[in-house]
2 protein chains.
Amino acid sequence: MRIAELSRQAGVSIPTIKYYLREGLLPPGERTNRNQAQYDEPHLERLRLIRALIDVGKLPVATVREVLATLDEPDISLHKVLGTVSASLSEPTASTPDDDLVAAREDVDALIERHGWQIAEDTPELDVLAGIIVRARQLGHAHIADSFDTYCEAAESIADVDVGYVSGLGTVENVVEGVVVGTVLGDAALAAIRRLAHQNLSARRFAES
Amino acid sequence: MRIAELSRQAGVSIPTIKYYLREGLLPPGERTNRNQAQYDEPHLERLRLIRALIDVGKLPVATVREVLATLDEPDISLHKVLGTVSASLSEPTASTPDDDLVAAREDVDALIERHGWQIAEDTPELDVLAGIIVRARQLGHAHIADSFDTYCEAAESIADVDVGYVSGLGTVENVVEGVVVGTVLGDAALAAIRRLAHQNLSARRFAES
DNA sequence: CATAAGTAGATACCGATACTATCTAATATT
DNA sequence: AATATTAGATAGTATCGGTATCTACTTATG
């Protein structure tokens, strides 16, 4: 198909497609001439994936490029891609070593320990979580962190179905794509569902009709 | 305290504080003179809250303003503030009524029904979730939505501790602030914890040492 | 009390991000 | 032959989240 058709089917404007081509998010089409290229189904799928990562996951274009690069690596393992996707999705942690952060990080390590989780020391999420605890404390809501044990238990059942889902995808490429889609769409879905659960609970407990 | 001190304690530059004042995120200090104003503890707390919403929650400044406005309303109920905060946090849903979206929305309604949740028809998260399902289908990952029942169960226990936490906060103002902080920091924490759970599970199942 | 430092408020400017528009030279379609 | 479409290059634009500067003061300090 030509670029106009790709644009129509994906619902993405031609200038935007050209922009993604320039930015290396989308591989160039197969050239048939100096000013003609053919795009096919994989292009369309890739384009839809890009839009999902941007629209639903709110990923910046640069992060999308990183994630897609991981996805295109020839020898990928599920565990490795999880790490890379995680790393791309969490901001690089602040440079200041900060006493508060170190303390919070110890609490995070204890949390992980309590749940018997096997996590590499340098996983960025550990610092992200520590950072959140620091903020909560600064805001006078230190006890929010007390809920994190429950969050962990809940996350275990969630991770269970998540990994179950991707495991059933067959080829490595499919699994890896499933990880990306599942991570990003899953985050968004989980946030929405949590809000719905809040609404439900507060409707039941505190509704004044 | 004067603006320099406020800046120092919050770790936010003076021009940025002035910007927040202009944007109405931060109420003006108490004027003592034509070019002097006093800021106090509440200002500092508000400023820290603003930074947490922006840094951790990635909320745009305009949304922070909305959320803070809700927080400052004189007569607020927990249930109302949950709705307003939710509304501020989810983008306004697309205008196109779209067949795919309608179908997905029915699936969402069925999901809510299965769990016996009481949710107002017009809650924005219902459409957000439907939108995510549409994207998943377009990406050939329709079955991701099968996991949402598990997500709901997990979200129930999470919402339980969340509501338990804010209920214990005493005054209405504290509760409302707790909702805001808990929603935003909680989302970020939950996402991080989910990633950690993934890492743990994949380490155990698929690790090649 | 003079001089330096700090401040409010107004306005202008800035860098990053994510596109969008335009132009050229060529090819495709009708 | 006339019209539409395309690749690729380059330039322009809107928004966002600040920064910087300037003026007319007021405070703090030696």
Side-chain angles (χ1 to χ4, degrees), chain A residues 1-40 43-44 46-68 88-89 91-92 94, chain B residues 1-40 43-44 46-68 88-89 91-92 184:
Chain A
M1 81 186 88
R2 303 209 295 178
I3 199 171
E5 180 64 11
L6 182 64
S7 165
R8 214 189 46 71
Q9 289 206 42
V12 175
S13 77
I14 292 177
T16 299
I17 293 176
K18 287 187 171 186
Y19 168 63
Y20 292 157
L21 287 166
R22 284 201 300 281
E23 290 295 311
L25 301 196
L26 201 58
E30 195 174 333
R31 298 295 298 277
T32 63
N33 250 310
R34 204 158 77 70
N35 66 333
Q36 291 290 302
Q38 280 296 312
Y39 304 91
D40 43 9
H43 279 100
L44 181 56
R46 172 58 55 101
L47 194 46
R48 286 209 244 258
L49 177 57
I50 293 168
R51 294 306 316 182
L53 297 182
I54 289 176
D55 293 343
V56 181
K58 314 284 175 216
L59 300 196
V61 166
T63 305
V64 172
R65 181 172 39 231
E66 278 179 50
V67 170
L68 296 179
S88 303
L89 265 42
E91 334 268 273
Chain B
M1 80 185 89
R2 302 208 297 179
I3 199 170
E5 181 63 13
L6 182 65
S7 164
R8 213 189 46 73
Q9 291 207 41
V12 175
S13 78
I14 292 178
T16 300
I17 293 176
K18 286 185 171 186
Y19 167 62
Y20 292 158
L21 287 166
R22 284 202 300 282
E23 292 293 311
L25 301 195
L26 201 57
E30 194 175 332
R31 298 294 298 278
T32 64
N33 250 311
R34 204 157 78 70
N35 66 332
Q36 291 290 302
Q38 280 295 312
Y39 305 90
D40 44 10
H43 279 100
L44 181 55
R46 172 59 56 101
L47 194 45
R48 286 209 243 259
L49 177 57
I50 292 168
R51 294 307 315 184
L53 297 182
I54 290 175
D55 293 343
V56 181
K58 314 284 173 215
L59 301 196
V61 167
T63 305
V64 173
R65 182 171 38 232
E66 279 179 50
V67 170
L68 295 178
S88 303
L89 264 43
E91 335 266 272
V184 173

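Quick caveat: nothing in here was measured; it's all calculated off a predicted structure. Each chain gets a letter, A, B and so on, in the order the sequences are listed, and its residues count up from 1.
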Partner residues of A/E66 under the side chain to side chain contact (heavy atoms under 4.5 Å, CB included) criterion, sequence neighbours left out: A/S88
Salt bridge (charged side-chain N to carboxylate O under 4.0 Å, His left out) partners for B/R31, two or more places apart: none
Heavy-atom check, side chain of A/I3 versus side chain of A/Y39, under 4.5 Å: yes
Strand-adjacent residues in residues 9-24 of chain A, judged by heavy atoms under 4.0 Å from DNA chain C: A/S13, A/P15, A/T16, A/Y19, A/Y20, A/R22
Protein-nucleotide distance (B/L25, atom CG; D/dG18, atom C1'), rounded to Å: 12 Å
B/R51 side-chain N/O to D/dG17 phosphate OP1/OP2 under 4.0 Å: no
Set of salt bridge (charged side-chain N to carboxylate O under 4.0 Å, His left out) partners for B/R46, sequence neighbours left out: B/D72
Sequence-aligned protein contact record of nucleotides 25-30 of chain C, with B where the base is within under 4.0 Å of a protein heavy atom and S where only the sugar-phosphate is: SBSS--
A/V12 to A/S7 - nearest heavy-atom pair and separation: O-OG, 2.6 Å
Helical bend (five base pairs per end, nearest 10°) for the helix from C/dC1-D/dG30 to C/dT30-D/dA1: 0°
Summary of salt bridge (charged side-chain N to carboxylate O under 4.0 Å, His left out) pairs that have at least one residue in residues 2-14 of chain B, sequence neighbours excluded: B/E5-B/R8
Review item, side-chain donor-acceptor pairs of residues 17-28 of chain A, under 3.5 Å, at least two apart:
from, atom 1, to, atom 2, distance (Å)
A/Y20, OH, A/R51, NH1, 2.5
A/E23, OE1, A/R65, NH1, 3.2

B/R31 side chain near C/dT7 phosphate (N/O to OP1/OP2, under 4.0 Å): no
DNA chain C contacts among residues 52-63 of chain A, heavy-atom distance under 4.0 Å: A/I54, A/P60, A/V61
Between P of D/dT26 and CD1 of B/I3, the distance in whole Å: 18 Å
Residues in side chain to side chain donor-acceptor pair (under 3.5 Å) contact with B/T16, at least two apart in sequence or another chain: B/S13
Smallest separation among heavy atoms of A/H43 and A/Q38, with atom names: CE1-O, 4.4 Å
Rounded distance (Å) that lies between atom P of D/dA4 and atom CD of A/E5: 19 Å
